[in-house]
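Here's the structure we're looking at; comments come further down.
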Amino acid sequence: MKKLTLPATLTVKELADRLSVSGPQLIKYLMGNGVMANLNQALDFDTMALAADNFGFEAESEDAAPAAAPAEGRRVRHPLLDLSKEDPASLVARPPVVTVLGHVDHGKTSLLDAIRQTKVASGEAGGITQRIGAYQIEKNGRLITFIDTPGHAAFTAMRARGADVTDIAVLVVAADDGVMPQTEEAIQHARTAGVPILVALNKIDRDNANPERVLQQLSERELVPEEYGGSTPVVRTSARTGQGIDDLLDLILLISDIEEPKANPNKPAVGTVIDANLERGRGPMATALVQNGTLRIGDNVVAGSVFGKVRALIDDTGKRVKEAGPSLPVLVTGLTDVVVAGEIFQVMETERAARNLAEQRGFQAEKQKAQPVRRITLADLANQVAEGGIKTLNLVVKAEANGSLEALRGQILKIEDPTVRIKIVSATVGEVGESDVNLAAVSDSIVIGFNVRPDVAARAAAEAQGVDVRYYDVIYQVTDDIQKAIKGLYEPTFVEVLQGRAEVRKVFTVDGRAAIAGSYVTEGRITRNAIVRVLRDGKEVAKGRMAQLRRFRDDVREVAQGYECGITLEDFSEFQEGDILEAYVVEQQNL
């Protein structure tokens with residue numbers, strides 16, 4: 001890592017110049033870490049050091065004193081959680097925080113239940129555990145904290161807000177099923193978070209378990225098991241019989257000894273809100289994970305644009321406690337509103353200070369909402385390459401089958417350029433989902449969909465987060481667009497503009513002629529001049545121009561959301577009930 005000498009303060013523009021990145025790139029990073037700044041705003045050394053680390057530099061002050069490395073040897077996601085300036089003598093070991101991820105039905109919940117039934121820290125499992133979404137267990141006289149609320153989307157949302165909650169990710173894979181799409185998503189989310197991955201090869205007691213096949217699948221995804229000569233620990237487990245549970249916990253403690261998570265308990269608390277809700281009779285409730293310092297009853301806290309005074313702290317067994325130290329999850333009451341999961345909370349000296357900071361953040365958030373969110377696009381890439389302002393193009397790739405996915409992946413990775421490195425953050429089979437868009441937003445990636453389309457939630461998320469999602473049906477068109485963007489020649493002239501979607505409820509045939517799709521408009525509107533894409537199980541099966549659009553017996557120009565209609569296409573008649581019809585027009589794009 002290159003060293004970079006920095007003064008006590010610099011403006012955002014000056015720092016961007018020294019880091020050889022564009023001003024918008026640096027502002028985007030700062031905003032992602034809770035620092036709202038413009039080009040002329042001054043930054044302190046600590047903030048500059050974190051930004052430098054993100055862009056591949058090791059910062060040191062002008063008096064030649066090097067910036068301390070992050071205390072836990074990992075990139076710190078938020079300035080408030082940076083322990084590099086702490087006195088090493090004040091840091092003590094804290095329990096590791098573990099998140100369990102995996103494909104649905106692979107036994108994640110059952111495994112967590114089996115772990116919970118081991119030695120719970122208080123000696124008994126309380127009914128509140130499921131509600132607070134986090135708990136501690138004791139193994140060999142040591143505590144381990146498990147977070148069981150974050151699914152893949154929540155895991156990403158936390159990182160998107162700068163939270164760095166997890167120390168270790170346990171990937172649950174069923175021995176009788178193998179690596180599935182959500183397994184691959186979990187791998188990518190854990191990798192992007194930069195945490196050690198431990199595999200729990202679950203359901204090992206099943207008669208049809210095939211552990212060797214699963215180990216081979218993991219190896220193909222660059223998670224080479226230790227028994228194959230790699231570095232990924234794998235534990236064979238059974239949530240039903242309890243096999244391997246002790247071994248799993250022992251391995252977590254061993255990895256923790258290597259990672260050495262530490263904190264300073266003798267400070268005002270800082271941590272992350274894991275979950276929050278509004279409860280009748282108690283008001284806003286937040287599950288908070290203390291990551292540094294100690295949280296006490298009566299403390300004035302602020303999380304995002306919400307503040308309050310801590311009235312009660314409840315641990316995972318339902319017991320009221322007076323304080324919560326590092327790695328202890330607690331339910332907090334006394335906040336003025338429901339906090340967004342993933343927000344960083346901190347203790348302030350006075351209630352007034354907490355209120356002022358919350359109001360300032362609320363004002364900044366409203367200001368930010370008024371401005372459209374823009375992330376990297378291929379058009380942006382072409383412009384930034386010409387300015388020398390971009391070094392890596394991140395891609396999230398989706399395809400309809402493994403064969404086409406591997407072919408596309410291989411062709412993309414063949415693209416070489418001295419100015420831009422292409423990195424495939426994720427490559428999975430299936431339609432573009434909300435979790436893909438969330439991953440792209442966090443990693444500042446472009447989504448490439450090959451012969452697949454997005455679901456409703458994914459399109460809404462892409463629009464809200466400003467993620468560029470592109471669709472192709474020919475491989476060379478993907479590589480051509482990327483190569484043109486890298487060379488600064490990319491000039492897209494036309495784009496598809498979605499008008500609406502309809503679901504085929506019934507299929508009619510009239511006089512033996514082309515079938516009519518009796519449809520219900522579920523979103524937007526369908527117009528007579530549209531091009532219609534027919535989707536079946538998320539995959540495109542046909543595309544053609546509208547031949548006829550009818551309401552009852554009348555030809556109509558358009559049909560709005562919530563109404564039924566009959567649709568026929570010029571060159572397609574093989575409709576099936578359940579097909580999704582996407583109506584769109586092609587418009588010229590102004591760059």
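No experiment lies behind these values; they were computed from the predicted model shown.
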Worksheet item: Does a side chain donor of either Q25 or S22 reach within less than 3.5 Å of an acceptor in the other side chain?
Response: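 Side chains of Q25 and S22: pair found under 3.5 Å.
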Residues that [X] engages under side chain to side chain donor-acceptor pair (under 3.5 Å), provided they are two or more places apart:
{"X": "E431", "result": "none"}
{"X": "D177", "result": "H106"}
{"X": "K203", "result": "none"}
{"X": "Y228", "result": "E212"}

Got a sec, which residues hit salt bridge (charged side-chain N to carboxylate O under 4.0 Å, His left out) with [X], two or more places apart in sequence or on another chain?
{"X": "R221", "result": "E184"}
{"X": "E220", "result": "none"}
{"X": "D455", "result": "none"}

The criterion is side chain to side chain contact (heavy atoms under 4.5 Å, CB included); which residues satisfy it with [X], sequence neighbours excluded?
{"X": "I415", "answer": "I422, T479, I482, Q483, I486"}
{"X": "Q548", "answer": "R550, D555, T568"}
{"X": "D571", "answer": "none"}
{"X": "I580", "answer": "R501, E503, L535"}

Fill in: Pairs flagged by side chain to side chain donor-acceptor pair (under 3.5 Å) wherever residues 523-538 is involved - sequence neighbours left out
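Applying side chain to side chain donor-acceptor pair (under 3.5 Å) to every pair that reaches into residues 523-538, excluding sequence neighbours, yields R459-E523, E496-R533, Q499-T527, R525-E558, T527-N529, R533-E540, R533-E582, R536-D579.
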